[in-house]
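The structure appears right after this line, and notes come after that.
Bear in mind the structure is a predicted one, so any value in this text is a computation, not a measurement. Below, chain A is the first sequence line, B the second, and so on; all start at residue 1.
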There are 2 protein chains.
Amino acid sequence: MSDSPDFACCTPLTGTSMSTEQAEQVAPLLKALADPVRLRLVSLIASSAGGEACVCDLNEAFDQTQATISHHLKVLHAAGLLDRDKRGVWVYYAVRPKALPAVATLFSTPAPTGARG
Amino acid sequence: MSDSPDFACCTPLTGTSMSTEQAEQVAPLLKALADPVRLRLVSLIASSAGGEACVCDLNEAFDQTQATISHHLKVLHAAGLLDRDKRGVWVYYAVRPKALPAVATLFSTPAPTGARG
DNA sequence: TGCAGACATCGACATCTGTCGATGTTATCG
DNA sequence: CGATAACATCGACAGATGTCGATGTCTGCA
């Protein structure tokens with residue numbers, strides 16, 4: 001996977017029927033988010049100071065093993081949702097700026113401006 | 001499963017860290033959407049005339065078996081994303097009005113109104 | 001009553017996924 | 001150089017998931 005996907009998922013679900021290609025491009029993104037632990041990871045990172053969080057802190061916030069958390073972070077990173085930054089011994093993850101808004105656009109109604117018909 | 005979930009997923013992911021309970025409530029919703037076929041199903045239904053579509057038409061729009069499409073529709077219906085309406089021999093599915101906006105809110109930034117930092 | 005069509009369900013299967021313990025890799029400190 | 005700590009990777013395993021063919025259920029029609 002590229003390290004900087006373009007988030008082509010910016011076309012709303014409604015309005016026009018989605019192409020097979022686009023669906024196959026968006027699904028992995030949602031699949032990465034469709035897990036309670038990963039959802040909380042993203043939320044925790046997004047709400048952290050500076051928009052980033054150290055893995056060591058994340059490990060302590062969950063009941064799962066360090067290996068499991070590392071796995072989930074890898075999945076989120078592979079999906080292009082998280083940025084990874086290693087500083088010395090510590091690793092910081094941050095939510096990719098445009099990732100969440102892109103997903104939000106997917107589920108937004110096209111354009112309520114100028115309702116016609 | 002209730003036939004009318006309240007879509008408690010209306011709190012944005014960012015801003016405040018998500019609770020375990022809320023995460024476990026939202027994850028199934030995203031899991032239901034995290035499939036290319038189901039994504040296209042929702043999109044196709046949402047963009048159909050009247051906001052609903054007959055299963056017979058949906059079947060013809062996909063390469064998968066009728067049993068598979070029926071399965072996916074059941075998953076989406078169980079997640080509270082689709083409404084089911086049987087009329088004679090035909091069954092019509094419609095996207096639940098507030099379902100998609102609720103998901104959109106999840107991934108929206110808390111409040112762009114009156115940026116105050 | 002019998003038949004045909006629309007859709008759901010069942011049973012089976014290969015594959016994917018979440019989780020863990022164990023181990024590997026890399027950076028820091030004495 | 002050796003020890004320690006932070007994080008990633010590996011191998012394994014139970015359970016979930018997507019798909020199919022076959023069959024069941026219900027409706028409308030002759």
For this session: Enumerate the residue pairs fulfilling salt bridge (Lys or Arg N to Asp or Glu O under 4.0 Å) with a member in residues 55-80 of chain A, sequence neighbours excluded, ordered by first and then second residue.
Result: none
For this session: Check side chain to side chain contact (heavy atoms under 4.5 Å, CB included) between P28(A) and all other residues, then give those that pass, not counting sequence neighbours.
Result: none
Problem set entry | Members of residues 50-64 of chain B that approach DNA chain D, where some heavy atom sits under 4.0 Å away | Q64(B)
For this session: Look at the side chain of S43(A) and the backbone N and O of M18(B), then say whether any donor-acceptor pair between them is shorter than 3.5 Å.
Result: yes
For this session: Give a yes or no on whether L29(A) and L39(A) share a hydrophobic cluster (residues Ile, Leu, Val, Met, Phe, Trp, Tyr; joining criterion: side-chain heavy atoms under 4.5 Å apart).
Result: yes
Exercise. Taking atom P of dC20(D) as reference, at what distance in whole Å does atom NE2 of H72(B) sit?
Worked result: 8 Å
Exercise. Any side-chain N or O of T65(B) less than 4.0 Å from the OP1 or OP2 oxygen of dT19(D)?
Worked result: no
For this session: Could you tell me the separation between the CG atom of D85(A) and the P atom of dA8(D), rounded to a whole number of Å?
Result: 12 Å
Exercise. When the distance from CG of L73(A) to C1' of dT9(D) is rounded to whole Å, what number comes out?
Worked result: 14 Å
Exercise. Would you say a side-chain N or O of Y93(A) is under 4.0 Å from OP1 or OP2 of dA8(D)?
Worked result: yes
Problem set entry | By side chain to side chain contact (heavy atoms under 4.5 Å, CB included) - contacts of K86(A) (at least two apart) | R84(A), V91(A)
Exercise. Hey, are the side chains of V75(B) and R38(B) touching, using non-hydrogen atoms and a 4.5 Å cut-off?
Worked result: yes
Protein and nucleotides 24-29 of chain C: nitrogen or oxygen contacts under 3.5 angstrom:
none

Exercise. With sequence neighbours left out, what residues match V37(A) under side chain to side chain contact (heavy atoms under 4.5 Å, CB included)?
Worked result: D35(A), L41(A), F62(A), Q64(A), I69(A), H72(A)
Exercise. How long is the line joining NE2 of H77(B) and P of dC7(C), in whole Å?
Worked result: 15 Å
Problem set entry | Whole-Å gap separating C1' (dT9(D)) and CZ (R84(A)) | 12 Å
Exercise. For L39(A) and dG18(C), what is the distance between atoms CG and C1' respectively, to the nearest whole Å?
Worked result: 15 Å
Seminar exercise, completed: L82(B) atom CG is separated from dC7(C) atom P, nearest whole Å, by 14 Å
Exercise. So, do L73(B) and I45(B) sit near enough that their side-chain heavy atoms are less than 4.5 Å apart?
Worked result: yes
Exercise. With a 3.5 Å cut-off and just heavy-atom distances, do the side chain of Q66(B) and the base of dA6(C) make a donor-acceptor pair?
Worked result: no
For this session: Go through the structure and list residues passing salt bridge (charged side-chain N to carboxylate O under 4.0 Å, His left out) with E52(B), not counting sequence neighbours.
Result: R87(B)
Seminar exercise, completed: side chain to side chain contact (heavy atoms under 4.5 Å, CB included) filter on A104(B), not counting sequence neighbours, yields F107(A), S108(A)
Show the distances under 3.5 angstrom between N or O atoms of the protein and N or O atoms of nucleotides 10-17 of chain C.
none

Exercise. Counting side-chain heavy atoms from C-beta on, which of dA6(C), dC20(C), dC7(D) comes nearest to T68(A)?
Worked result: dC20(C)
Exercise. For the pair made of CH2 in W90(A) and C1' in dT4(D), what is the distance, rounded to whole Å?
Worked result: 13 Å
Exercise. Got Y93(A) and D83(A) here, is their nearest side-chain heavy-atom distance under 4.5 Å?
Worked result: no
Exercise. Can you name the side chain to side chain donor-acceptor pair (under 3.5 Å) partners of T20(B), sequence neighbours left out?
Worked result: R40(A)
